[in-house]
Peer 1: 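I am attaching a structure below and will ask some questions about it afterwards.
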Amino acid sequence: MLTEWARQRARAFLNGVAVFFNRLGLTPNILTVIGFGLVCVIAVVIALGYEALGAVLLIFGAGFDATDGALARLTNRVTKFGGFFDSTLDRYADGVLMLALAYRGIALANQWIILLAVAALIGSFLVSYTRARAEGIGLQLKEGWFTRLERMIVLILGLFATLFIGQTALLIMLALLAILANVTAVQRILIVKRKLDKADA
């Protein structure tokens with residue numbers, strides 16, 4: 001999975017950044033809140049029509065978002081609440097970004113952008129929910145074609161592409177997000193069923 005590959009490649013860099021934040025006296029939960037605040041600012045930038053600038057800021061924001069976990073591991077402050085808090089604000093962040101894109105659809109008088117943004121949001125929530133629900137019944141579920149990192153990459157590329165093809169880029173990006181996120185949710189449902197059937201056999 002791309003997420004695991006990226007984590008392995010970025011681990012040394014994230015640890016270095018985490019050391020810097022630790023020296024500033026920041027805690028993992030504070031970093032989580034700051035990261036969410038940054039996403040809210042980025043969402044406003046996108047909603048105002050500066051999609052390419054939003055893409056640049058999202059690259060920075062995505063790296064920042066991964067630092068709270070690195071800091072928690074580095075300082076031995078990994079807690080169940082910390083993981084829960086981080087995951088919850090990640091869902092809020094997904095919602096805020098899709099809300100910004102839906103607002104762009106309203107501003108551009110393009111109902112398809114609005115509908116696809118909602119469909120993409122449903123899919124992204126269900127990808128996360130299926131994992132959380134599986135873990136709630138005692139199953140580990142990390143499989144999936146289109147997890148949060150993949151969604152973020154498509155989002156960044158799509159926002160950049162508005163420089164060249166305008167709102168068509170938003171339509172293509174949101175269509176990919178909507179289709180692939182919902183397909184991944186269905187994929188995870190089938191994986192859970194297979195695991196449960198295997199356990200009952």
Side-chain angles (χ1 to χ4, degrees), residues 1-8 10 32 35-36 39-40 42-43 46-47 51 54-55 58-59 61-62 65-66 68-69 80-105 110-159 161 168-201:
M1 191 163 60
L2 182 58
T3 301
E4 291 302 318
W5 178 86
R7 283 176 179 168
Q8 291 175 5
T32 299
F36 174 65
V39 170
C40 289
I42 295 169
I46 294 170
E51 293 95 344
L58 271 176
I59 294 172
D65 180 60
D68 53 0
K80 290 182 178 179
F81 176 76
F84 165 80
F85 187 54
D86 180 51
S87 180
T88 300
L89 286 194
D90 280 348
R91 303 294 76 73
Y92 267 116
D94 291 341
V96 167
L97 289 171
M98 288 303 111
L99 180 61
L101 288 165
Y103 182 85
R104 286 300 295 146
N110 190 322
Q111 64 181 1
W112 284 107
I113 291 177
I114 301 169
L115 292 172
L116 288 171
V118 173
L121 180 60
I122 292 170
S124 67
F125 277 5
L126 280 171
V127 169
S128 300
Y129 177 78
T130 49
R131 177 177 176 177
R133 192 67 187 91
E135 290 175 348
I137 59 174
L139 293 177
Q140 187 178 52
L141 183 64
K142 293 185 178 181
E143 299 93 334
W145 295 319
F146 204 63
T147 57
R148 194 162 191 262
L149 176 60
E150 289 84 359
R151 294 197 303 272
M152 192 61 64
I153 291 171
V154 170
L155 181 59
I156 290 170
L157 292 176
L159 291 172
T168 302
L170 295 180
L171 286 167
I172 295 171
M173 172 192 74
L174 288 169
L176 286 172
L177 289 172
I179 293 169
L180 294 176
N182 282 286
V183 166
T184 299
V186 173
Q187 178 198 18
R188 283 187 161 180
I189 292 171
L190 296 175
I191 290 171
V192 168
K193 184 179 186 306
R194 186 170 68 246
K195 288 185 176 183
L196 290 174
D197 288 345
K198 184 177 180 180
D200 291 339

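Position 1 is the first residue of the sequence; numbering continues from there. Computation of the quantities below employed the complete heavy-atom set of this structure, encompassing side-chain atoms and omitting hydrogens, waters and symmetry-equivalent molecules. Quick caveat, the model's predicted, so the values are computed rather than measured.
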Peer 1: Say whether, by atom type as modelled, one donor and one acceptor occur between the side chain of N182 and the main chain of A119 under 3.5 angstrom.
Peer 2: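 Yes: the side chain of N182 pairs with the backbone of A119.
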Peer 1: Tell me, yes or no, whether the heavy-atom count around Y103 atom OH, taken from other residues, nucleotides or ligands under 6.0 Å, exceeds 12.
Peer 2: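 No, because the 6.0 Å sphere around OH of Y103 holds 12 heavy atoms or fewer from other groups.
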Peer 1: Can a donor-acceptor pair be found, under 3.5 Å and without considering hydrogens, that links the side chain of S124 to the backbone of L121?
Peer 2: yes
Peer 1: T32: which residues meet the side chain to side chain donor-acceptor pair (under 3.5 Å) condition with it, sequence neighbours left out?
Peer 2: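 D68.
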Peer 1: Output yes when a side-chain donor or acceptor of T130 lies under 3.5 Å from a complementary backbone atom of L126, and no otherwise.
Peer 2: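 A pair under 3.5 Å: yes.
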Peer 1: Name all residues meeting the salt bridge (Lys or Arg N to Asp or Glu O under 4.0 Å) criterion together with D86; count only those two or more places apart in sequence or in a different chain, and write none if there are none.
Peer 2: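 Residues passing salt bridge (Lys or Arg N to Asp or Glu O under 4.0 Å) with D86: none at all.
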Peer 1: Determine the interplanar angle of the F85 and F81 rings, folded into 0 to 90°, and report it as parallel if under 30°, tilted if 30 to 60°, perpendicular if over 60°.
Peer 2: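 Judged by the thresholds at 30° and 60°, the geometry between F85 and F81 is parallel.
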Peer 1: Report yes or no: does R151 contribute a side-chain atom to a donor-acceptor pair with the main-chain N or O of L177 at less than 3.5 Å?
Peer 2: no
Peer 1: Taking only residues two or more places apart in sequence or in another chain, which ones pass side chain to side chain donor-acceptor pair (under 3.5 Å) with K80?
Peer 2: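 Partners of K80 by the side chain to side chain donor-acceptor pair (under 3.5 Å) criterion come out as none, since no residue qualifies.
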Peer 1: Do the non-hydrogen side-chain atoms of L101 and M173 ever get within less than 4.5 Å of each other?
Peer 2: yes
Peer 1: Taking salt bridge (charged side-chain N to carboxylate O under 4.0 Å, His left out) as the cut-off, I'd like each qualifying pair that reaches into residues 111-130, sequence neighbours left out, listed once.
Peer 2: none
Peer 1: Residues two or more places apart in sequence or in another chain: which of them pass side chain to side chain donor-acceptor pair (under 3.5 Å) with S128?
Peer 2: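 S128: side chain to side chain donor-acceptor pair (under 3.5 Å) contacts with R91.
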Peer 1: If we ignore hydrogens and angles and just use 3.5 Å, is the side chain of E150 paired with the main-chain N or O of T147 as donor and acceptor?
Peer 2: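 Looks like yes, one N/O pair under 3.5 Å.
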Peer 1: Working to the nearest 0.5 angstrom, can you tell me the gap between L155 CG and I42 CD1?
Peer 2: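 It is 9.5 Å, given to the nearest 0.5 Å.
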Peer 1: Sequence neighbours left out, what passes side-chain contact (heavy atoms from CB on, under 4.5 Å) with L180? Give chain and number order.
Peer 2: F146, L176
Peer 1: Rounded at 0.5 Å granularity, tell me how far CD in E143 sits from CZ in R194.
Peer 2: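 Taking CD in E143 and CZ in R194, the distance rounds to 7.5 Å.
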